[in-house]
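Remember, it's a predicted structure, so these values are computed and weren't measured experimentally. Counting starts at 1 for both ligands and their atoms, following the listed order. In what follows, residues are counted from 1 in the order of the sequence shown.
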Amino acid sequence: MDNILEVHNLVTAYQGKKGYIKAVDGVSFDVKRGETICIVGESGSGKSVTSMSIMRLVEFENGEILDGEIRYNQENLLHKSDEEMRQIRGSEISMIFQEPLTALNPVFTIGKQVTEAILFHHKMSKKKAMERAEELVRLVGISDPAARLKQYPHELSGGMRQRIMIAIALASEPKLLIADEPTTALDVTIEAQILELLRTLRRERNMSIMLITHDIGVAAEMADQIIIMYAGKIMEIAPTKDLFDQPLHPYSFGLLESVPKMDGERGVPLTSINGSIPSLHDVPKGCRFAPRCPFATEKCHQEEPPMEVKGNRQVACWHVDHLLEQNLLQNNSQKGGVTVDE
Ligand code: ATP
Ligand code: SF4
Ligand code: MG
């Protein structure tokens, strides 16, 4: 599989109230064609800023991409004009946002919003666009599309609205779909349906999906590869099964340990990792995870560990070999916490 997206050393900063912060600080990863990758990390780790950077939307929020490359089909998006980016957004890369209600315009019918998305990308009559809208809405699992298209956003449930957002994101037949916490606001049953829909779309359209979630259980179900982010940096990148078999980074280990058991409970805070993510105004010297890491040494507090390639994965930790030798990162799946689809 070749890469559809290659992010290299991305640095994105904001001018905040208390000064400049690097919300994403030297992030590199690839997404292959037809692959689903999940970015996982606690709140504030830079997941959304990474996706907004790829879409070049940070510029609209006082953000600035200071360094790096974002190559989509080998072309650096950072060299594209605003007009070129407008074409790419939507036609090649689409994004689903977390809050479906705020993302839909309350004063227009669903039909108008879906057909507008279609007409933005394809020249066709309004009638044809409406037919296409019905197809799309049916595709995302909504019955009686003709009736739904006449309704307004507030008349639909949260799950329905999120399906409509997915239909709009698919209107352009994107090659890469970025979904930023698409199910967080939804209940567990609807979440399962939306995730199943994404899986089907990926399979049928060979679409690449970049799914952002704070829920490692969702990542386990969906991802080929998982990217673990912490305080603006990537800690580990690994194929899903390998990560659950044996996390290599203490933070990944902590995340897996704190996965809620599969009894329907979810969204439980990460309780087994002590402390909280550092303020980006005051990033710890050395390894960013050191203040919370039970294995931190003096070196960890002084020097930042580089990202190292370990077989088919990457990890940024000084002591990974030692921790493995000593069996200190004993895996969670053996304890029955989470099952990973083979
Ligand atoms: P969550 O799980 O809560 O969505 P996240 O991993 O998506 O978290 P980001 O939204 O990417 O986190 O934010 C990373 C950091 O960047 C945070 O410290 C946040 O305060 C900061 N940040 C994000 N957007 C802005 C903005 N528009 N202006 C200033 N700072 C911002
Ligand atoms: Fe922990 Fe040190 Fe590894 Fe950071 S580098 S994760 S502090 S052991
Ligand atoms: Mg976010």
For the residue pair Leu104 and Leu156, establish whether any side-chain heavy-atom pair is separated by less than 4.5 Å.
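No, too far: nothing below the 4.5 Å cut-off.
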
Among Lys47, Arg292, Arg288, exactly one meets salt bridge (charged side-chain N to carboxylate O under 4.0 Å, His left out) together with Glu42. Which residue is that?
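Answer to the salt bridge (charged side-chain N to carboxylate O under 4.0 Å, His left out) test with Glu42 among Lys47, Arg292, Arg288: Arg292.
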
* Would you please test Tyr230 and Ile277 for side chain to side chain contact (heavy atoms under 4.5 Å, CB included) and show each step? => CA-CA 8 Å; Tyr230 184 76; Ile277 197 162; 3.9 Å; yes

*Will you find, in the side chains of Glu236 and Ser252, an N or O donor that is under 3.5 Å from an N or O acceptor?*
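Looking only at side-chain atoms, Ser252 and Glu236 do form a donor-acceptor pair, the distance falling under 3.5 Å.
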
[X] with [Y]: basic N within carboxylate O range, under 4.0 Å:
{"X": "Arg132", "Y": "Glu173", "answer": "yes"}
{"X": "Arg199", "Y": "Glu221", "answer": "yes"}
{"X": "Asp245", "Y": "Lys241", "answer": "yes"}
{"X": "Asp82", "Y": "Arg89", "answer": "no"}

So which of Glu298, Glu304, Lys299 actually passes side-chain hydrogen bond (donor to acceptor under 3.5 Å, both in side chains) with Gln302?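 The single option meeting the side-chain hydrogen bond (donor to acceptor under 3.5 Å, both in side chains) with Gln302 is Glu298.
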
Check: For the residue pair Tyr152 and His154, does the interplanar ring angle fall in the parallel (under 30°), tilted (30 to 60°) or perpendicular (over 60°) class?
Finding: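 Rings of Tyr152 and His154: parallel, as their planes differ by under 30°.
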
Check your understanding: Counting no waters, how many protein N/O/S atoms sit under 2.8 Å from atom 2 (Fe) of ligand 2?
Key ->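 Step by step: take atom 2 (Fe) of ligand 2, keep protein N, O, S below 2.8 Å, and you get 1.
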
Could you identify the single nearest non-hydrogen protein atom to atom 6 (S) of ligand 2 and state the distance to 0.1 Å?
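Atom 6 (S) of ligand 2 sits closest to the protein heavy atom His249 CE1, 3.5 Å.
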
Residues in the immediate environment of ligand 1 (any heavy atom closer than 4.0 angstrom):
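Residues within 4.0 Å of ligand 1: Tyr14, Ile21, Ala23, Glu42, Ser43, Gly44, Ser45, Gly46, Lys47, Ser48, Val49, Glu61, Glu181, Leu280.
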
